[in-house]
Trainee: 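Just passing along the structure, written as structure tokens.
Letters A, B, ... are given to chains in the order of the sequence lines, protein chains preceding strands, and every chain is numbered from 1.
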Amino acid sequence: METTYAHLEIEKKWQDFWEKNKTFRVMEDPSIPKDKRLYVLDMFPYPSSAGLHVGHPEGYTATDIYSRFKSMNGFHVLHPMGFDSFGLPAENYAIKTGTHPRISTEDNIGKFEVQIKKFGFCYDWDRQVSTHTPEYYKWTQWIFLKCWEKGLAYEAEVPINWCPSCLTGIANEEVVDGKCERCKTQVERRQLRQWCMKITAYADRLLKDLDKLDWSEALKLMQRNWIGRSEGANVTFKLAEGGGEIEVYTTRPDTLFGATYMVLAPEHPLVAKITTPDCRAEVDKYVNQARYKSDLERTDLAKVKTGVFTGAYAINPVNDVKIPVWISDYILISYGTGAIMAVPGHDERDFEFAKKFGLDIIQVVSKDGTFHELSEAYVENGVAVNSGQFDGLSTPDFKKKITDWLEKRGQGKKAINYKLRDWVFSRQRYWGEPIPIVHCDKCGHVAVPYDQLPLTLPEVESYKPTGTGESPLASITDWINTTCPKCGGKAKRETNTMPQWAGSCWYYLRYLDPKNGRELAARDKIDYWMPVNLYVGGAEHAVLHLLYARFWHKVLYDIGVVNTDEPFMRLVNQGMLLGEDNQKMSKSLGNVINPDDIIREHGADTMRIYEMFMGPLEASKPWSSRSIVGVRRLLERLVKISDKPATKEKPPEELVKLCHKTIKKVTNDTETLNFNTAIAQMMIYSNELAKEEQRYPELWEPLILLMTPYAPHLAEELWERAGKEPSVAKQKWPAYDDALTQDATVQFVFQVNGKVRDKLELPVGLSRDEVKEKAMASEKIQKWISGKEIRQVIVVPDKLINIVVKG
RNA sequence: GCGAGAGUGGUGAAAUUUGGCAGACACGCUAGACUUAGGAUCUAGUGCCGUAAGGCGUAAGGGUUCAAGUCCCUUCUCUCGCACCA
């Protein structure tokens, strides 16, 4: 007999049911205790014109299964979805076609919604937010103004990464291998008026609070490395002539005696002052060249060090030795003091530079206290040599002693530096939140008053970036020209817009109270749900979104808007889904899998389970359109079991035991997000049930419940066919009896010298001697031990016996 | 170069938490049954060598142990992140 599994019909039926009955709407019920509330969050998508990718539903399915599972276990679960809808692709499309970005964006949002809903996720759609709507970005602007009031947003003329293709400045975090993360064009260096966010003020807290978070160590390490805290000392060197001084930052103050020259960044303000007349021409030329080099040209491409001598000398404070001052572009003005003392004996870069320009190399650290010919820089810790009264000290001791010594003499002090730079926050583009600041000749920067927010995006005729460092907004004179909110005089609006990251920095808060017009979210709702218990998304956001969001959250915490100093307590990165050829899915390789096709052919339930069955959530794994039929067969088998006649007979004991074992394994594995092994167990169980002629309701109903988070549509259908009231999603998760998960007998393994020689089914709980007796009685074991001396017998209860013999 | 993670059948993977039968589950493949037909279903088999007994086997080599995929050391390969940050 043929059983039909009409997935299209079933899935449509139950999606309509859920929508009509608002099955997944979540309200704040104060009678539910805090530890029974759960906030499960997905990284919301950018609604691209390409539509949903198979990678999106991987994480969404994982959180959906978890949410439904926890909900059936008595938790009150908030599980929302929205759209990160400001961004360059929509604007680029507008430039090409003239379509307003709002039109194409909202069109794409509509398409995404339809696609996402086809998966049957249990989102509370009433809470949906989109970052491009004025009701939403009003509060993005509000947070910006709060940052500005606290001095955390400031305007500066700084050299930034400029993408010549996107025609906008971008953040350090958006530069990958010297290229624009978005369009892969090599970035240039430009000096431009910018708005920046003082994320560096929070560097220490962003670093320290990582310890509180249940994130993977790998991810935390990435953030730690990006923040890049280092401890050392600032040391002052007097100039040999003219009375000035140079301050350097070093992590190795213990190598001060080995400093044989100094290097300034070409942009260092002292360069112009100290350069001697006979060196001026060379120095000016070098400074000019460096100014236009991108960071990439100054680093990766310039493997060979360059530099010029300024003609000036400085005095080493520890030994009064006169050393030359050079400039070189391997010194960055943006790190430390923009100047270094060069210790070529113990720093690879300084060594290379000294070799090239014939500068002195002095050894001041030794592995064992003796001198060696230095064929390369010795950068390890060791014992001080050649360092006057400090000789013989270990590197860590020396660091402490010399820092104190310098401090006492007013020539230096302990210092801490970070690799993290302030966040370049403005974009010279149209499709983003306008920065709510007005430039007044008299009053300077003036905030747009809070009661005038949102400052909405004006309509423009051309979306094309000017490329001059001004956004398309700059050409709309009646928008630009305004009055100063403070003095009422003539003023101009800020024309830069915010980066895409701004909206995604706080969207998880807006879900809590999406329609609130008075505050970004009511405090009691924030207290009710926050912090996020589980956040799932791709690893590509490790140092972008996740660092920015943590920063803004801390700012909001400091001004009393939120209740915790971290937003996301537990974070899981789903692995990447690769194409069938094991390569990254991409249009150019033609290996892209379209979720719509899979759903049409196999069904959403099949797709959900297949994506989870492929392997561990965090691993990257290749798609296989062959293997997916295995999951489809599981669901067909369930329909087949459902069609069997129900019986009132007592079910066989073995099946009852398997049922309890299955409940136990699926419960544990779902809790720990090991969905692949949970599914395998349900396959084992359903295979057994399918072998029976009849259907035992007490064995069948638990299976439907276990399947509910995984295959929600089919589970509803089978629940109904079993004569139950919908929705199965509102049912209680099945319980298991631990006693019934224990077997009365086990396959006992008999080993001789560590090799399996026989196996026997034995009752559990046998004593050591009983086991030994059974093993000795085995013919096969006798064959291997006869005539040999027994040296040792090891028994692992209820598992194994190993007889060690000699001869 | 530095840092992190990973290498298990023809394939995706289990078992690594706690050292105790390696390969659960699934795809594929082989044979058979049913069938006008099958990309359907069912049954059996499927790590490698071997008729068998047995031997070998978790990237390679070494070590600890009665016992190692699991712990330790060396090497190789792959993936990811960072990359003159003084």
Side-chain angles (χ1 to χ4, degrees), chain A residues 1-3 176-178 216-226 228-230 232 248-252 255 263 265 295-296 298-300 302-303 305 328-332 334-343 346-350 352-353 417-421 539-540 542-543 573 575-576 580 582 610 613-616 618-631 633-634 636-637 640 672 674 676-684 687 690-691 747-759 783 791-805:
Chain A
M1 185 192 78
E2 198 172 315
T3 8
V176 179
D177 291 334
S216 73
E217 277 311 311
L219 184 60
K220 288 202 245 184
L221 194 66
M222 266 193 246
Q223 290 219 341
R224 284 193 190 105
N225 290 341
W226 190 264
R229 184 181 195 272
S230 78
V248 301
Y249 171 69
T250 176
T251 54
R252 293 295 300 272
T255 61
V263 191
D295 275 351
L296 188 73
R298 282 172 68 150
T299 57
D300 287 46
K303 287 290 178 218
K305 300 241 176 313
S328 172
D329 64 9
Y330 81 93
I331 304 306
L332 308 172
S334 50
Y335 186 77
T337 62
I340 62 150
M341 64 175 202
V343 184
H346 305 285
D347 182 285
E348 283 166 15
R349 298 151 302 184
D350 298 347
E352 192 195 326
F353 193 84
N417 265 294
Y418 299 92
K419 264 171 67 179
L420 183 71
R421 302 291 148 79
E540 66 274 18
V543 290
N573 288 127
M576 193 155 13
E580 304 213 43
N582 236 309
Y610 177 61
F613 186 62
M614 289 165 74
E618 299 191 54
S620 62
K621 48 228 157 208
W623 184 269
S624 163
S625 39
R626 255 192 197 169
S627 298
I628 194 169
V629 304
V631 171
R633 282 175 197 157
L634 164 69
E636 284 171 358
R637 197 181 309 127
K640 210 175 286 181
T672 53
N674 294 118
N676 52 336
T677 47
I679 294 163
Q681 183 64 36
M682 290 189 279
M683 286 174 168
I684 293 171
N687 280 339
K691 285 178 190 159
Q747 270 271 316
F748 222 97
V749 173
F750 297 167
Q751 292 184 338
V752 176
N753 284 352
K755 296 206 161 144
V756 181
R757 296 304 181 188
D758 200 5
K759 293 177 191 178
K783 187 181 131 193
R791 314 259 314 235
Q792 205 180 345
V793 175
I794 289 123
V795 176
V796 180
D798 295 336
K799 267 203 181 121
L800 150 159
I801 177 170
N802 187 13
I803 301 165
V804 185
V805 297

Trainee: Counting side-chain heavy atoms from C-beta on, which of B:rU41, B:rA13, B:rG12 comes nearest to A:Pro616?
Mentor: B:rA13
Trainee: How far does the C1' atom of B:rG9 sit from the matching atom of B:rG69, given to the nearest Å?
Mentor: 14 Å
Trainee: Which of the following nucleotides, B:rC27, B:rC84, B:rA86, is nearest to the side chain of A:Val629?
Mentor: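 Of B:rC27, B:rC84, B:rA86, B:rC27 is nearest to the side chain of A:Val629.
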Trainee: Which nucleotide wins on minimum distance to the side chain of A:Trp226, given the candidates B:rC82, B:rC42, B:rA67?
Mentor: B:rC82
Trainee: Given Watson-Crick or G-U pairs with both distances under 3.5 Å, what dot-bracket string fits RNA chain B, with | for other-strand pairs and [ ] for crossing?
Mentor: (((((((..(((.......[....)))((((((.......))))))(((....)))..(((((..]....))))))))))))....
Trainee: Using whole Å, what does the distance between atom P of nucleotide B:rC21 and atom CD1 of A:Ile803 come to?
Mentor: 17 Å
Trainee: Considering only side-chain heavy atoms of A:Arg633, which listed nucleotide, B:rA40, B:rA4, B:rA14, is closest?
Mentor: B:rA40
Trainee: Looking across every strand, which nucleic acid part, if any, lies under 4.0 Å from A:Lys220 by heavy atom: base, sugar-phosphate, or nothing?
Mentor: nothing
Trainee: Measure from the side-chain heavy atoms of A:Val804 and tell me the nearest of B:rG54, B:rC66, B:rC27.
Mentor: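 It is B:rC66.
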Trainee: Mind calculating the distance between CD1 (A:Ile679) and P (B:rG12) to the nearest angstrom?
Mentor: 18 Å
Trainee: Could you measure between the two C1' atoms, the one in B:rU11 and the one in B:rG5, and give it in whole Å?
Mentor: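 One C1' to the other, the span is 23 Å.
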Trainee: Between B:rG23 and B:rU58, how many Å separate the two P atoms, rounded to a whole number?
Mentor: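 That atom pair is separated by 14 Å.
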Trainee: Would you mind telling me which of B:rG20, B:rA86, B:rA24 lies closest to the side-chain atoms of A:Ala680?
Mentor: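 Of the candidates, B:rA24 comes closest.
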Trainee: Taking atom P in both B:rC56 and B:rA67, what distance in whole Å separates the two?
Mentor: 15 Å
Trainee: B:rA86 phosphate, OP1 or OP2: any side-chain N/O from A:Ser230 under 4.0 angstrom?
Mentor: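 True: A:Ser230 side-chain N/O within range (under 4.0 Å) of B:rA86 OP1/OP2.
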Trainee: Of the nucleotides B:rG20, B:rA14, B:rG12, which one has an atom closest to the side chain of A:Met614?
Mentor: B:rG12
Trainee: For the pair made of CG in A:Asn582 and C1' in B:rG7, what is the distance, rounded to whole Å?
Mentor: 14 Å
Trainee: Between B:rA13, B:rA4, B:rU41, which nucleotide gets closest to the side-chain atoms of A:Glu636?
Mentor: B:rU41
Trainee: With C1' as the reference atom in both, quote the distance from B:rA14 to B:rG47 in angstrom, rounded to an integer.
Mentor: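 The same atom, C1', in both gives a distance of 15 Å.
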Trainee: Scan A:Thr251 against the nucleic acid and name what it touches under 4.0 Å (heavy atoms): base, sugar-phosphate only, or nothing.
Mentor: sugar-phosphate
